[in-house]
Amino acid sequence: MSQTIYNVLVREKEVFKPITDGHVMMYVCGPTVYDNSHLGHAKTYVSFDVVVRWLRYSGYKVRYVQNITDVGHLLDDGEDRILKGARREKVEPMEIVERYMRSYFEDMDAIGVARPDISPRASAHIPEQIEMIQELIAKGHAYEVDGTVYYSVESFKEYGKLSGRRVEEMEAGKRIAVRDEKHHPMDFVLWIKAPSNHVLQWPSPWGRGYPGWHIECSAMSNKYLGATFDIHGGGVDNIFPHNECEIAQSEGAHDQIFANNWMLTGTLLVDGVKMSKSLGNFVTIKDALKQYRPEALRLFILSGLYRSPADYSAAVLDAATKGAERINTAARRARNALKTAKPGDASNNERLITLLDQYQMRFTSAMNDDFNAPLALSALFDMSKDLNTAIDEGTASQSVLERATSIYTELGGQVLGVIQPESRTAAGSGSAERESALIQMLIDMRLEARKAKDFTRADSIRNQLSKIGVILEDGPNGAVYRISSL
RNA sequence: GGCGACGUGGCCAAGUGGUAAGGCGAGGGUCUGCAAAACCCUUAUUCAUGGGUUCGAUUCCCAUCGUCGCCUCCA
């Protein structure tokens, strides 16, 4: 079975063929670290996290590069985002960078996003950027005017191929006055001459200055992935101008295809409009985690296609919370049942194993088809239904439960990250073992009370445990417990 | 105005040229001392609207209406 990917460059699904068999070289545009990350970032990075995890699960060796933008990203008024943050918090610009870069990784760790293999910072790659700008000048793609270097969009005939725009159709300068030193209104900046009081500046062949926003991605992807690599990802909202400019820079400098596949994620909306810093309608990941568990956030993100937009609302997050509970409950039941499972009846085993095979295949073909996570999830939900029935009926044998548990762990946990690992709920350390033993003691006490028909006492134990987050569930083989969501 | 994407049940959301996955919610039931969890049944003759192609379209084409993103910083 082969992997397909929707390639924005051609606007259709293509069979994925990496440049080097078995290896995937992948670059995703990372955040500008000047403030806390919000759920819009979560949507994009969870989506690519699952792409990487699935490719690795499929046997590919993936090199995943995601930049950290810590310089050069200008606001409308020409001020650097980092500098603005520094002024706001009255600290050094690089303190802002450190603070929010750590915050970003904290958030990504918290929602189970695996770290990129390389997280290159723009400020640490100034020489590479200067070198690339020099190449562009040498090839006639860029020109300098008084210490500032511009890319000449007319020199690159394919400018606009990703976003479907034509230079001549665009009305540049409609909103922002065009600087008349540009040869063409659409020309964009590669290197910016720094005013003497500008805090972030470096020496260059054109005097002191700092790099434009787009050039970092071209320079750093080239350094770590090569002139041509397999997958370039990001949010669609950056398709123009950012991604388009990256292509112009890289292909202009190297005369070869930049990225073979472009994967762009759909925008996260709130009440129908984009969640963004500037609109102020954002929910930070830290705030979201106060209300929802990581598995619920991931399930919300993965219940739609990565390239579709999604609308954030409490109703949708609540639904995702319930869904995450359902699937985690089923996985936990399977694990618990496995502890006391018997070999079981052969013909029934065969039937159930065949079913599990089919669910695994459904999951696999869904993910192979452009990473269709919502469809893949449906296989896990359907599997849970069959498995729950088998467990209720007592027909789930040891081999069936082993197989089911490994599917939950690998596909639900390792690939999608919506099923939490056992260690979070079970004993793993000395104190956890002690806690577990104590809870078991209370469960035994309650069982005795129930046997004696002392339901007041039995319910009291259950209620008190519930208050400290331990939920009891009675079953035919006695009670099991779980730690509640919040 | 230009470019791109999209309009599927109460909400979210897959999907296919031959009559609609899944999640949440709602109603009924089974189980249970009561809960919880779980399971069963019910909940879109219908996929924005109007045309066209076709034996047949929600799925292909055209038009209309509507929504969103980008064109200016944003994942």
Side-chain angles (χ1 to χ4, degrees), chain A residues 8 11 28-32 34-35 37-45 47-48 66 73-79 81 84 160 162-166 169-176 186 213 233-242 244 264-269 272-279 282 299-300 303-305 307-311 313 315-327 329-330 332-333 362 366 369 372-382 384-389 391-393 450 453 455 458-459 462-463 466 471-476 479-480 482:
Chain A
V8 179
R11 307 270 168 194
V28 171
C29 289
T32 303
Y34 69 106
D35 208 339
S37 303
H38 56 68
L39 291 176
H41 302 104
K43 180 177 187 301
T44 292
Y45 299 124
S47 297
F48 285 112
Q66 185 191 106
H73 207 153
L74 304 184
L75 292 164
D76 269 358
D77 55 12
E79 186 176 21
R81 285 172 173 275
K84 184 176 182 170
L162 182 69
S163 55
R165 284 156 218 253
R166 298 263 22 114
E169 281 168 355
M170 289 183 279
E171 299 177 64
K174 202 174 173 183
R175 310 286 279 279
I176 291 187
M186 294 304 298
W213 172 38
V236 258
D237 50 338
N238 275 334
I239 190 171
F240 191 92
H242 181 63
E244 207 67 75
L264 301 177
T265 56
T267 303
L268 183 67
L269 313 172
V273 296
K274 178 173 169 174
M275 178 180 285
S276 72
K277 283 278 155 58
S278 34
L279 289 174
F282 59 89
L299 191 73
F300 158 63
S303 62
L305 295 174
R307 55 192 158 87
S308 298
D311 211 320
S313 70
V316 166
L317 262 295
D318 288 344
T321 299
K322 290 288 179 58
E325 273 174 17
R326 179 173 164 73
I327 205 166
T329 298
R332 192 176 51 242
R333 282 190 82 188
R362 263 177 59 187
D369 183 14
N372 191 329
L375 191 58
L377 273 169
S378 76
L380 294 185
F381 278 109
D382 285 344
S384 298
K385 190 169 283 187
D386 279 342
L387 199 66
N388 276 323
T389 301
I391 292 173
D392 283 344
E393 289 171 349
R450 288 182 70 204
K453 304 273 183 215
F455 296 121
D459 289 352
R462 186 171 65 196
N463 291 338
S466 167
I471 309 298
L472 298 192
E473 292 173 3
D474 293 328
V480 294
R482 65 186 163 95

Next on the checklist: Roughly how many Å apart are B/G27 and B/G66, using the C1' atom of each and rounding to a whole number?
Outcome noted: 33 Å
Item to check | Nearest-angstrom distance, P atom, B/G15 to B/U59 | outcome: 15 Å
Checklist entry - To the nearest Å, how far apart are A/K43 NZ and B/C12 P? => result 15 Å
Item to check | Any A/L377 side-chain heavy atom under 4.5 Å of A/L299 side chain | outcome: yes
Next on the checklist: Using a 4.0 Å heavy-atom cut-off, does A/G233 contact any base of the nucleic acid, only the sugar-phosphate backbone, or nothing at all?
Outcome noted: nothing
Checklist outcome for this item: Side-chain contact check for A/T32: nearest option of B/C12, B/G4, B/A75 is B/A75
Checklist entry - Relative to the 5' end of RNA chain B, which residue comes earlier, A/V236 or A/M275, by the nucleotide with the nearest heavy atom? => result A/V236
Checklist entry - Taking the side chain from A/E473 and the backbone from A/V480, do they hold a donor-acceptor pair closer than 3.5 Å? => result no
Checklist entry - What does A/G40 touch in the nucleic acid at a heavy-atom separation under 4.0 angstrom: a base, only the sugar-phosphate, or nothing? => result base
Next on the checklist: Suppose you measure atom C1' in B/A38 against the same atom in B/U32; what distance do you get, rounded to whole Å?
Outcome noted: 12 Å
Next on the checklist: What's A/V28 touching, base or sugar-phosphate or nothing? Going by heavy atoms closer than 4.0 Å.
Outcome noted: nothing
Next on the checklist: Over all strands shown, is A/I239 touching base, sugar-phosphate only, or nothing at heavy-atom distances under 4.0 angstrom?
Outcome noted: nothing
Checklist outcome for this item: note: A/R307, atom CZ; B/G15, atom P; distance rounded to Å ~ 7 Å
Checklist entry - Between A/Y45 and A/H41, how do the two ring planes meet: parallel, tilted or perpendicular, split at 30° and 60°? => result parallel
Checklist entry - In whole angstrom, what separates A/D311's CG from B/A13's C1'? => result 13 Å
Item to check | side chain to side chain contact (heavy atoms under 4.5 Å, CB included) partners of A/P309, counting only residues at least two apart | outcome: A/L269
Checklist entry - Are any non-hydrogen side-chain atoms of A/H38 and A/L268 less than 4.5 angstrom apart? => result no
Item to check | With sequence neighbours excluded, residues passing side chain to side chain contact (heavy atoms under 4.5 Å, CB included) with A/V236 | outcome: A/L264, A/T267
Checklist entry - Within this structure, what is the CG-to-P distance between A/L377 and B/C24, rounded to whole angstrom? => result 12 Å
Checklist entry - How would you label the contact of A/Y45 with the nucleic acid (heavy atoms, under 4.0 Å): base, sugar-phosphate, or nothing? => result sugar-phosphate
Checklist entry - Got a minute to check which stems RNA chain B is part of, using Watson-Crick or G-U wobble pairs under 3.5 Å, three or more consecutive? => result B:1-7 with B:65-71, B:10-12 with B:22-24, B:25-30 with B:38-43, B:48-52 with B:60-64
Checklist outcome for this item: Whole-Å distance, A/F300 CZ to B/C24 P, equals 16 Å
Next on the checklist: What is the separation between atom CG on A/D237 and atom P on B/C71, rounded to the nearest whole Å?
Outcome noted: 9 Å
Next on the checklist: Using the side chain to side chain contact (heavy atoms under 4.5 Å, CB included) criterion, which residues pair with A/D382? Sequence neighbours excluded.
Outcome noted: A/Y359, A/R362
Next on the checklist: Closest approach to the side chain of A/K322, judged atom by atom: which nucleotide of B/C24, B/A21, B/A75 is it?
Outcome noted: B/C24
Item to check | Annotated protein contacts, base or backbone, on nucleotides 30-39 of chain B with a non-hydrogen cut-off under 4.0 Å, one of B, S, - each | outcome: ---BBBBSSS
Checklist entry - Which of the following nucleotides, B/C71, B/A21, B/A75, is nearest to the side chain of A/C29? => result B/A75
Next on the checklist: Rounded to the nearest 0.5 Å, what separates atom CZ in A/F381 from atom CD1 in A/I327?
Outcome noted: 4.5 Å
Next on the checklist: In this structure, how many angstroms lie between the C1' atom of B/G69 and the CG atom of A/L279, rounded?
Outcome noted: 12 Å
Checklist entry - Which nucleotide sits closest to the side chain of A/N238: B/G25, B/A75, B/G22? => result B/A75
Checklist entry - Taking only residues two or more places apart in sequence or in another chain, which ones pass salt bridge (Lys or Arg N to Asp or Glu O under 4.0 Å) with A/D318? => result none
Item to check | Given B/A75, B/A14, B/G69, the nucleotide with the shortest approach to the side chain of A/R165 | outcome: B/G69
Next on the checklist: Suppose you measure atom C1' in B/U16 against the same atom in B/U58; what distance do you get, rounded to whole Å?
Outcome noted: 9 Å
Item to check | Span that lies between the P atom of B/A35 and that of B/U30, in whole angstrom | outcome: 12 Å
Checklist entry - Between A/T321 (side chain) and A/L317 (backbone), is there a donor-acceptor pair under 3.5 Å? => result yes
Checklist entry - Is the closest side-chain heavy-atom distance between A/S378 and A/L380 below 4.5 Å? => result no
Checklist entry - With a non-hydrogen cut-off below 4.0 angstrom, is A/L305 in contact with a base, only sugar-phosphate, or nothing? => result sugar-phosphate
Checklist entry - Roughly how far apart, to the nearest Å, are B/G22 and B/A44 at atom C1'? => result 15 Å
Item to check | Rounded P spacing from B/U49 to B/C55 in Å | outcome: 24 Å
Checklist entry - B/C6 C1' sits how many Å from A/L264 CG, rounded? => result 16 Å
Checklist entry - Reckon A/S163 touches a base, only the sugar-phosphate, or nothing at all at heavy-atom distances under 4.0 Å? => result sugar-phosphate
Item to check | Sub-4.5 Å side-chain heavy-atom contact between A/R326 and A/K385 | outcome: yes
Next on the checklist: For B/G7 and A/S308 - does any side-chain N or O of the residue sit under 4.0 Å from the phosphate oxygens OP1/OP2?
Outcome noted: no
Item to check | Inter-nucleotide P distance (B/U45, B/C6), Å rounded | outcome: 25 Å
